[in-house]
Amino acid sequence: MRLLNTLLPTPARSLLLFVVWLLLNNSIAPIHLLVAALLALVIPQLTVSFRDPQPPIRRWGLAVRYIARVLIDIVLANLQVIQLVLGPNKNLRPGFVLVPLSMTEALPLTILAGTVSLTPGTVSAEILPYQLDATSSAPKYLLLHVLDLQNEAELVASIKQRYEQPLKEIFQC
Amino acid sequence: MSTLLWIVVLPLLASLFATTARHWQRSKLAFAVAAFPALALLLLLPCGPAIFSGEVLRFQAQWLPLIGLNVSLHLDGLSFLFSLLILCIGLLVILYARYYLSAQDSMARFYAFLMLFMFAMLGVVLSGNLLQMWFFWELTSISSFLLISFWSSQSDARKGARMALTVTAAGGLALLAGIVLLGQITGSYELTVVLSKTEQLQQHAAYPVVLLLVLLGAFTKSAQFPFHFWLPNAMAAPTPVSAYLHSATMVKAGIFLLARLYPLLSGTDLWFLTVTLTGLATLLVGAYFALFQHDIKALLAYSTISHLGLIVLLLGLDTDLAAVAAIFHLINHAIFKASLFMTAGIIDHETGSRDMRKINGLWKYMPVTATLAMVASASMAGVPLLNGFLSKEMFFTQTLHQEILGSLSWLIPLLATVAAIFAVAYSARFIHDVFFNGEPIGLTHTPHEPPRYMRVPMEILVAFCVLVGVFPQWFIGDLLTQASAAVLGTEVPEYSLALWHGLNIPLLMSVLAMAGGIVLYINRKHLFLFQAGFTEQAAIYRFDQLLQRFEQGCRRVTARVDNGSYQRFAGVMLLLVLLFSGAPLLELSSLKGNRPALETDPLLMAGAAILCIAAIATVLTIRQRLLSLVMISVVGLMVSLAFVRFSAPDLALTQLSVEVVTVVLLMLGLYFLPHKSVKQSSPGHLVRDLTLATAMGVVIGSLAFAMLTNQTDTIAGYFLQNAKTGGGGTNVVNVILVDFRGFDTLGEITVLGIAALGIFKMLTGIPRFMAGADGEGRRWALDPHPLLLAVVSQALLPLALLVSVYIFFRGHNMPGGGFVAGLITAVAMILQYVAQGVDWVKPRLKVEYSTLIALGILCAAGTGVASWLFDKPFLTSWFDYFELPLIGTIELASAMVFDLGVYLTVVGSTLLILANLGKVTTRYRPMHKEQL
Amino acid sequence: MSLLEWSIAILVMAGALFVLLGSFALIKLPDFYTRLHGPTKATTLGLGSLVLASMLFFNFVQQQLSLQQFLIALFLFISAPVTAYMLIKVALHQKLVPMLNTRHQDLMKQRDNLAKGNDLPTVEKLADSD
Amino acid sequence: MQHAVIFPILLPLLTAALLLLPPLQASLTKRRWLSGLGLFLLLLSALFGLWQSGAGVQTFYLLGNWPAPFGIVLLQDKVSALFVLLSTVLACCCWLYSVAGEDERGAYFQPLLQFLLMGIHGAFLTADLFNLFVFFEVLLISSYGLLLHGGGKGRTKAALHYVLLNLLGSAVFLLALALLYAMLGSLNMQDMAQRISQLGPQQALIVKAAAGLLLVVFGLKAAILPLHFWLPAAYANASPAVAAMFAVMTKVGVYCVLRVFGSLFASNAGELAGFGQDLLWFAGLATMVLAAIGVIAAQNLKKLVAYLVLVSVGSLIAVLSLGSTAAIAAMLYYSLHSTLMAGALFLLADLIAAQRGTVQDRLVSGRPLQQAWLLGVLFFIAALAVVGMPPLSGFVAKIWLLQAATESQHRIALWSVLLLCSLMVLIAVSRAGSTLFWRVNQQQVSGNRAQPVQWSAVVLLLACSPLLVVFGNPVMQFCLEAAMQLQLLPNVRATGGL
Amino acid sequence: MLNQIVLVAMLVIGFALLLNLWALLRGPSMPDRLLALDTMYINSIALLLCYGIYSVSNLHFEAALLVAMLGFVSTVAVCKFMLRGDIIE
Amino acid sequence: MELVIAIVIGVLTSCGVLLVLRAHTFAVVLGLTLLSYAVNLFIFASGGLTAGKGAVLGQTDIYADPLPQALVLTAIVIGFAMTAFLVILAIRARAELGNDHVDGDSGSRQHPDKESRL
Ligand code: NA
Ligand code: NA
């Protein structure tokens with residue numbers, strides 16, 4: 001197990017690399033499988049120091065479900081945005097929203113912010129406070145810009161429930 | 001006849017010897033040095049009988065036959081005479097200088113220069129090759145420069161030396177032109193050959209040019225009017241130098257040249273007129289000014305000028321015996337003038353002054369010297385029983401028998417007599433003003449006779465004055481005949497060297513000159529008063545001023561032409577580009593050639609429109625720099641898309657990846673540069689630049705169009721045919737890069753590597769400064785490493801590396817390759833720097849970038865060298881296919897190793913640049929605490 | 001044209017139109033903050049459709065395995081939020097004025113305070129001030 | 001030894017790369033010795049190349065074993081071998097000078113010197129026009145780095161102009177290359193020369209435009225009027241060993257005119273034959289005059305020497321444009337002489353400046369030199385050589401240059417300009433010498449004594465001058481044969497090469 | 001037929017690029033322009049994808065991937081510049 | 001098509017030249033960059049225009065001339081190296097000479113550079 005840990009310090013990363021190599025080459029020929037495996041071993045080793053420690057994915061199933069949910073949300077989001085974009089500007093009700101956070105790990109936070117940005121009418125603007133140095137306090141808020149802000153509390157709740165909660169479970173943090 | 005060679009070389013050896021004998025005792029040194037010319041004299045004298053029998057001795061050796069310069073020595077009567085003078089007077093001067101120079105003066109240096117000069121002078125007179133003669137001719141200028149400036153701490157000496165050098169070297173250059181032209185006309189530089197081509201030369205259209213050039217050389221050297229002014233200023237030299245160079249030898253080189261080329265150049269009206277008139281003018285000017293000099297040496301210098309004029313005048317006369325008279329006077333002048341200069345030196349030495357207004361009545365203190373000086377100056381004045389009288393009488397005779405000026409020819413004897421009157425007058429002044437005329441004024445110590453041996457040279461010379469004056473035929477008759485024969489190139493006509501030729505006009509002229517001279521001297525006050533009316537500056541100051549004015553003029557021209565403005569330089573260059581590329585277009589009947597054109601589509605038009613608008617926007621926004629940068633990024637993107645559209649995917653990839661690194665770099669640059677710039681160009685400039693820019697655009701665009709429609713067959717077919725079979729890859733562009741033209745690529749990565757090294761060099765020790773705010777005056781934001789960016793960039797790094805590997809390996813067969821792969825890696829690393837900063841990356845990246853560059857270059861070059869093992873030329877590629885069980889066919893190629901070199905170099909270079917640029921400021925950012 | 005080709009055609013057209021829409025939003029919307037929503041979303045979906053179309057085309061029409069396009073989509077999905085995040089950070093830093101009826105504009109001012117780890121009065125209070 | 005042709009390019013490259021590796025980079029002494037070793041090997045190979053070319057054969061080296069005109073070909077003939085030797089000798093002396101401490105005054109001196117040599121030798125040896133561009137860039141980028149060596153405002157400013165103008169020049173070069181490739185379909189110079197005779201009138205005009213552009217490029221490199229602006233500041237500001245090394249750089253430009261124009265627009269080039277000769281003739285003469293004026297105007301020794309370099313460029317170009325074998329031979333000889341002497345003078349200027357306190361090399365009275373005798377003699381010798389006075393190589397060169405003009409209108413122009421410039425140079429140099437060595441004030445001597453390696457570098461360079469006279473005949477013969485060889489166009493397709 | 005549709009799609013995207021240019025030139029603020037530039041990168045990727053279908057060639061895939069990667073990096077770098085001045089600190 | 005390309009090259013050249021003749025290093029750098037785009041397109045055009053597929057064997061029948069492409073690649077890389085060098089040189093000049101004028105002096109016409117004291 002320790003050997004496996006040394007060989008594959010970041011299994012998710014290695015898996016990703018393995019898949020991406022095959023995708024890049026459009027092939028599952030033996031030579032490519034071999035090379036993909038090799039690269040999946042070597043590149044994480046090379047870049048291991050270029051990675052701040054992050055919590056590992058604990059619940060893979062949930063992760064897959066999360067991705068699916070986000071994809072669907074994106075499609076729906078875009079359809080909503082069409083309306084807003086094509087409609088008259090005076091109908092817009094944009095606004096800033098501060099979402100209080102209940103997790104502090106960088107990777108899940110990033111995924112959360114990214115998800116919010118990718119989905120309907122919201123863009124992550126800031127994670128506050130800034131991580132200026134080791135003594136900075138942990139992230140507390142996510143500042144959003146919303147294209148059409150109807151019900152602020154509902155929006156905050158939906159984000160926390162739809163995205164933050166699953167992420168906390170996936171990373172167990 | 002290697003004797004001749006030895007005669008020339010011995011003084012050179014003496015010179016070399018003197019430089020090594022700096023610590024010898026003075027007398028010993030003088031004797032040792034003198035031994036060399038003495039030996040040369042001993043070698044020369046035995047040649048006498050042969051010379052007197054009319055023989056010519058030669059020595060020849062090949063040296064630089066391609067330019068016609070050979071070692072060629074030629075001893076005939078003329079050169080024998082001159083060699084004799086040079087060696088004999090040289091020996092006397094060595095002896096004299098032993099006593100003349102003070103203890104502080106470096107005697108070794110003096111002798112070294114003097115012997116160098118003697119070597120040069122002997123070379124001139126013994127040359128049998130015109131180029132070789134010029135060689136020595138210039139050496140005399142150089143060595144005389146060294147001798148005149150011997151007391152280099154004195155301003156006069158430096159200036160006088162430079163003036164002499166400038167004038168004589170200018171003449172030397174003219175002479176060189178004359179000689180080369182002569183050589184080109186006659187087909188040889190050998191004296192014997194050249195001298196036999198008189199007719200050919202004189203009928204040649206360029207004869208006047210040759211003559212004038214040669215005369216320029218001769219006249220400057222021999223201080224002929226109007227080039228005479230350097231000689232009086234050369235008197236800053238130690239007196240032995242004057243005695244040797246400025247009376248007996250160097251100034252006679254010009255005359256020697258005239259004499260040497262006499263058979264070739266003379267005989268034409270042009271020769272007669274120029275030479276005669278120059279001589280006459282010099283004779284008069286020298287004699288006149290000599291009278292007014294208060295410095296003894298200056299008087300002698302002007303007198304020398306006058307006598308040189310006399311000799312030149314004689315050479316210009318169209319009578320039979322004029323040349324003989326010239327040679328005779330040349331000998332006599334050398335003898336008496338050398339002794340007179342020595343006198344001047346003794347007086348200077350003993351009294352500490354040369355000013356005749358202060359020096360008076362020396363007869364009492366140094367009677368022997370005075371007697372000798374009086375005899376010599378009597379000879380100078382042309383008093384009977386002395387050698388000067390004889391040659392001056394010959395001179396008078398010849399002036400009477402010429403017809404150069406046609407019906408005005410009588411002017412010449414008349415003016416000759418006038419000059420002689422002045423000669424008598426200044427000789428009288430020299431005797432009376434120095435040795436009599438009351439008591440000396442303001443001398444620090446009582447003068448007395450010089451050391452015994454300091455006088456010996458004078459005594460010998462004066463003895464010669466008398467002996468030649470009384471027994472001319474016996475003493476120098478044969479020598480004169482042989483020398484004259486050499487000058488004339490034919491039989492010497494009858495002449496007699498008797499003291500008494502009966503009562504005739506020349507005698508009358510002599511008497512007239514004597515009487516007139518005495519009368520003139522007695523009544524000199526009026527003349528001095530008259531002359532004092534001309535308050536002229538000394539030539540040296542005028543010359544110096546002239547030079548300075550010239551210098552200032554040059555400075556103005558240089559400053560105007562090269563004003564240090566880049567904009568002008570670039571403008572001129574672009575203008576040239578415009579002219580050179582535009583002019584042929586004007587001749588072109590139609591830009592359009594016969595190649596079928598591709599059709600245009602709206603998408604392409606849109607792309608072109610975006611590109612052009614973005615380019616123009618770049619220009620318009622140039623003062624808001626970041627905006628301009630954004631605009632140029634659009635241009636870059638569009639160019640990349642154009643490459644895709646026109647079937648160049650490799651180019652698109654490269655362009656894109658270079659683009660982003662460039663933008664990053666420019667932004668790093670922007671941080672250090674002002675973010676906005678003030679308007680600088682005046683409207684006039686702008687219109688000018690706009691015109692140039694538009695014209696350039698039109699011309700280059702037209703050329704592009706003409707080029708596109710006039711295509712020819714290229715060598716491309718070969719690459720397409722051989723890429724797979726010979727280079728082992730299907731991406732022909734890549735095969736060209738790593739194989740067909742791999743050498744270019746090797747050079748290219750070298751350039752990249754060097755650029756990185758150069759940049760590192762520039763960044764070390766760069767003065768640091770920090771902009772505290774952006775262009776709008778906003779303080780910088782607080783958050784150095786936004787969280788999202790940091791996390792995502794960490795995640796992207798392995799992916800980017802994977803893509804690099806992919807791009808690298810597919811390069812040979814598909815678009816991609818080491819360069820693009822390297823840039824992707826580099827960009828991924830840059831992203832780490834941008835996202836997380838130098839302090840985060842540095843400890844994690846333990847690679848020395850310059851080592852990467854070196855390894856890359858070694859890898860690429862090593863691939864090339866490896867082909868030597870297979871006895872193939874550098875960079876010969878190798879590839880093969882291997883069948884592996886389960887895995888299939890794989891291709892291995894040396895090109896991959898080469899491409900790996902490219903990859904390493906690119907990564908190393910890019911990171912060396914960017915990481916170091918980042919490091920420059922990181923430690924100097926004062927922001928955090930202040931803002932927190 | 002087969003059904004497959006029709007679906008490809010529709011995907012292509014939809015993608016192109018989404019792309020156009022994003023670009024149009026950029027022109028039409030009133031302030032930077034709202035403009036940001038247009039392209040970052042529409043382009044992701046537009047590109048998504050195009051990637052899908054491309055994959056369908058190469059894998060099924062051309063019968064050659066081609067999955068690379070998926071990587072483009074993957075990459076964009078990772079990078080687009082970061083780009084948007086950075087852009088809006090700049091906008092906030094430069095204090096770009098949002099359109100008039102934007103709510104909670106004072107959060108922009110409070111951002112600096114929050115960034116240093118200080119606490120705000122309360123979120124509710126802020127909402128009231130709107 | 002069949003690969004010896006490429007040694008002059010590879011040796012410096014490998015040396016430079018090795019110098020960058022950690023074990024060597026750490027130790028100054030090791031770096032110096034390795035660099036010196038590389039130069040020594042280079043000298044051997046240059047001598048070997050000269051010997052090889054002396055047999056009279058042109059050696060083609062087909063890189064990558066691809067036949068000409070498809071691959072890149074190196075050509076070693078007498079001219080290229082001669083120039084390679086010239087730059088190698090110069091580089092050896094510069095190295096010698098630099099190890100006295102100049103190489104410590106900034107990073108990467110030795111590698112950059114080696115890279116510069118690689119570029120120069122590549123430019124000399126390549127027979128491929130695009131490859132020439134690449135090597136131009138190699139030598140330029142190294143020269144940028146070297147020019148900045150030691151740092152300081154003057155250098156930075158000079159370098160900025162130098163870099164900017166050369167970047168423009170590179171762009172122009174590429175335009176010309178593209179036009180030539182489009183019209184001639186090849187990049188191999190010999191092949192292009194053969195194709196040029198088959199051009200239609202339309203295409204010939206386009207090639208003419210390209211030729212004009214090339215003229216600008218080479219003119220810029222050679223610093224021909226009015227493209228000379230960058231030179232005086234750059235050379236005068238460069239650190240001594242660098243400036244000395246730069247003495248050969250203008251010759252690269254001249255060499256390219258000789259090589260490229262000589263082969264492309266030779267007598268069989270139809271209406272393009274002899275392209276640019278008239279322009280070069282007048283530009284050369286004008287350069288000489290302006291440079292001579294600059295020599296007089298110069299207020300410090302380094303500037304003076306920089307203008308001297310320009311004078312030599314003018315002479316070279318003017319004589320080159322005469323086009324005859326004798327003219328080219330004379331030009332070759334003159335470039336040997338002028339390069340070495342300019343190099344020596346730059347080094348000497350530094351030694352002198354170091355002993356004159358604050359006045360440095362400015363031509364005003366200053367304190368007496370510490371080693372007045374040694375430096376004075378060296379300066380005197382160098383001065384004689386550059387002025388063209390006997391007994392040093394300058395006079396031989398001058399006579400040969402004069403003799404190269406055989407038509408009367410050429411004679412009138414060349415002779416008067418050449419001789420006038422000689423005189424002006426003489427005036428300036430004698431003034432400089434007498435000011436530096438004789439117009440001294442009574443201050444105490446101080447400053448750095450020239451170290452033995454430094455003055456021996458100068459002595460070695462200066463010694464070349466008398467050697468060029470004493471062994472003048474074989475050298476001149478070689479130049480003549482080189483010139484004759486240059487004018488025989490080899491048939492590239494027929495030549496087997498390796 | 002499919003070809004024609006793809007061609008039309010390309011023209012549409014081309015038009016979108018022109019709109020981006022318009023937005024880029026109009027601004028008014030720097031972030032606006034940068035947003036326009038970034039959109040331009042993304043639209044170029046779209047164009048490349050269509051062009052791949054149109055010319056039945058996947059030679060352009062790497063170009064598209066590179067545009068995505070490099071567009072991202074340069075946009076981020078410019079943002080960092082506007083935020084902090086020093087992009088590598 | 002040829003005409004369009006020629007016009008693009010012309011416009012790029014014009015813009016490049018105009019910027020190259022400015023007085024500030026940054027403008028000149030951008031000018032040189034524009035000029036190098038023009039030059040790269042120009043070299044590229046020397047092989048003639050080919051729409052369709054690249055010079056990759058087996059993909060098509062008509063290939064673009066691969067040699068100019070290779071030349072442009074080399075030119076791009078060298079241009080990149082040179083631009084990088086120039087940018088840093090401009091920085092150094094600014095730091096040492098106090099302003100970003102191409103002649104290193106602000107000249108008489110220039111207004112005082114606000115940042116030059118920083
Ligand atoms: Na490639
Ligand atoms: Na930094």
Side-chain angles (χ1 to χ4, degrees), chain B residues 64 66-67 135 138-139 142 152 158 162 165-166 169-170 173 177 180 551 554-555 557-558 562 566 569 572-573 576-577 580-581 584 587-588 706-707 710-715 718 739-744 747 750-751 754-755 757-758 761 764 850-851 854 857-858 861 868 872-876, chain D residues 3 6 13 17 20-22 62-66 70-72 106-108 115 131 134-135 137-138 141-142 144-145 161 165 172 179 182 185-186 202-203 205-206 208-209 212-213 216 226-227 229 293-294 296-297 389-390 399-400 402-403 415 419 422-423 426-427 430 434 438 472-473 476 498:
Chain B
L64 304 174
L66 279 178
I67 53 168
F135 174 97
E138 293 289 88
L139 272 187
I142 296 162
S152 59
R158 296 197 301 262
R162 275 179 56 203
L165 180 67
T166 308
L173 290 171
V180 174
E551 218 171 88
C554 288
R555 251 170 230 169
V557 171
T558 308
D562 179 3
Y566 155 79
F569 305 162
V572 168
M573 183 171 161
L576 277 186
V577 169
F580 284 151
S581 56
E587 295 175 52
L588 210 58
M707 179 177 79
N710 277 292
Q711 220 82 50
T712 39
D713 284 341
T714 67
I715 51 177
Y718 181 86
D739 200 336
F740 291 111
R741 298 185 68 87
F743 201 49
D744 275 348
T750 310
V751 169
I754 302 169
L757 300 184
K761 215 170 148 62
T764 41
S850 62
T851 311
I857 290 175
L858 284 175
W868 291 348
K872 293 276 168 43
F874 188 73
L875 277 178
T876 306
Chain D
H3 304 296
I6 200 176
L13 175 68
L20 294 173
L21 289 179
L62 304 177
L63 285 158
N65 212 14
W66 297 107
F70 309 109
I72 295 172
Y108 301 129
F115 278 130
N131 197 234
V134 173
F135 279 113
E137 300 303 308
V138 173
I141 189 84
S142 349
Y144 302 158
H161 286 190
L165 291 177
V172 176
L179 284 172
S186 179
Q202 190 95 345
Q203 294 171 327
L205 281 170
I206 298 177
K208 202 169 168 183
L213 296 177
V216 174
L227 298 165
F229 295 111
I293 290 176
I296 296 264
M389 288 274 222
I399 293 178
W400 211 3
L402 288 178
Q403 289 179 348
W415 291 16
L419 295 176
S422 279
L423 183 62
L426 174 105
I427 291 172
S430 62
S434 85
W438 292 338
N473 195 30
M476 291 166 81
L498 270 168

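In the text below, chain A, chain B and the rest are named by the order of the sequence lines, each starting its count at 1. These numbers come from a predicted model, not from an experiment.
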For D:Tyr108 and B:Thr764, run side-chain contact (heavy atoms from CB on, under 4.5 Å): C-alpha distance rounded to whole Å, both residues' side-chain angles, the deciding distance at 0.1 Å, then the answer.
CA-CA 11 Å; D:Tyr108 301 129; B:Thr764 41; over 6 Å; no
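- The contact between D:Leu227 and chain B is made entirely by side chain atoms (from C-beta outward), counting heavy-atom distances below 4.5 Å.
- The most heavy-atom pairs under 4.5 Å with chain D, out of B:Thr712, B:Thr558, B:Thr851, come from B:Thr712.
- Between the side chain of B:Lys761 and the backbone N or O of D:Ala107, at least one donor-acceptor pair lies under 3.5 Å.
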Does the side-chain contact (heavy atoms from CB on, under 4.5 Å) test come out yes or no for D:Leu20 and B:Leu757, once each step is laid out?
CA-CA 10 Å; D:Leu20 294 173; B:Leu757 300 184; 3.8 Å; yes
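- With D:Gln403 contributing its side chain and B:Ile67 its backbone, the two residues share a donor-acceptor pair below 3.5 Å.
- Legend: residues meeting ring-ring contact (aromatic ring centres under 6.0 Å, His included) with B:Phe569, ordered by chain and number and at least two apart, are D:His161, D:Phe229.
- With chain D as partner, the option from B:Glu138, B:Glu551, B:Arg741 having the largest number of non-hydrogen pairs under 4.5 angstrom is B:Arg741.
- With a 4.5 angstrom heavy-atom cutoff, B:Val557 touches chain D only via side-chain atoms.
- The contact between B:Asp713 and chain D is made entirely by backbone atoms, counting heavy-atom distances below 4.5 Å.
- For D:Ile6, the part sitting under 4.5 Å from any heavy atom of chain B is the side chain, from C-beta outward, and nothing else.
- Highest contact tally toward chain B, considering only D:Leu205, D:Val134, D:Val172, is held by D:Leu205 [criterion: heavy-atom pairs under 4.5 Å].
- Contact of the B:Phe874 side chain with the D:Asn65 side chain is not registered, since no non-hydrogen atoms from C-beta on lie closer than 4.5 Å.
- Expressed to the nearest 0.5 Å, how far CG of B:Leu588 lies from CD1 of D:Ile206 amounts to 5.5 Å.
- Interface summary for chain B: among D:Gly212, D:Gly145, D:Pro390, D:Ala209, the most heavy-atom pairs under 4.5 angstrom belong to D:Pro390.
- For B:Arg162, the part lying near chain D is the side chain, with the backbone staying farther off; criterion is any non-hydrogen pair under 4.5 Å.
- Per-residue heavy-atom pair counts under 4.5 Å with chain D were compared for B:Ala169, B:Gly758, B:Ala177, and the maximum is reached by B:Ala177.
- For B:Ala755, the parts lying near chain D are the backbone and the side chain together; criterion is any non-hydrogen pair under 4.5 Å.
- In terms of non-hydrogen atom pairs under 4.5 Å with chain B, the most contact-rich of D:Trp400, D:Phe135, D:Trp415, D:Tyr144 is D:Trp415.
- Between B:Tyr718 and D:Phe70, the two ring planes are parallel [angle under 30°; tilted spans 30° to 60°].
- Chain D forms the most heavy-atom pairs under 4.5 Å with one residue out of B:Thr714, B:Asp744, B:Leu173, B:Leu64, and that residue is B:Asp744.
- Chain D forms more heavy-atom pairs under 4.5 Å with one residue of B:Leu66, B:Leu875, B:Asp562, B:Val180 than with any other, namely B:Leu66.
- No side-chain donor-acceptor contact under 3.5 Å links D:Gln202 to the backbone of B:Asn710.
- Heavy atoms only, all atoms of each residue included: D:His3 and B:Pro873 are closest at CE1-CA, 3.8 Å.
- In this structure, the portions of D:Glu137 lying under 4.5 Å from any heavy atom of chain B include both its backbone and its side chain.
- B:Arg158 places no side-chain N or O within donor-acceptor distance of the main-chain N or O of D:Ser434, the cut-off being under 3.5 Å.
- Options B:Ile857, B:Ile754, B:Val572 differ in how many heavy-atom pairs under 4.5 Å they form with chain D, and the most are formed by B:Ile754.
- Note: D:Leu63 CG to B:Asp739 CG = 11.0 Å, rounded to the nearest 0.5 Å.
- Within the 4.5 Å cutoff, the side chain of D:Met389 has heavy atoms near those of the B:Leu165 side chain.
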Intermediate values then yes/no, side-chain contact (heavy atoms from CB on, under 4.5 Å), D:Trp66 and B:Thr876:
CA-CA 8 Å; D:Trp66 297 107; B:Thr876 306; over 6 Å; no
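- Separating the CZ atom in B:Phe580 from the CG atom in D:Leu213 is a distance of 9.5 Å, to the nearest 0.5 Å.
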Please evaluate residues B:Phe740 and D:Ile72 with respect to the criterion side-chain contact (heavy atoms from CB on, under 4.5 Å), reporting the C-alpha separation (whole Å), side-chain torsions for both, the decisive distance (0.1 Å), and the verdict.
CA-CA 7 Å; B:Phe740 291 111; D:Ile72 295 172; over 6 Å; no
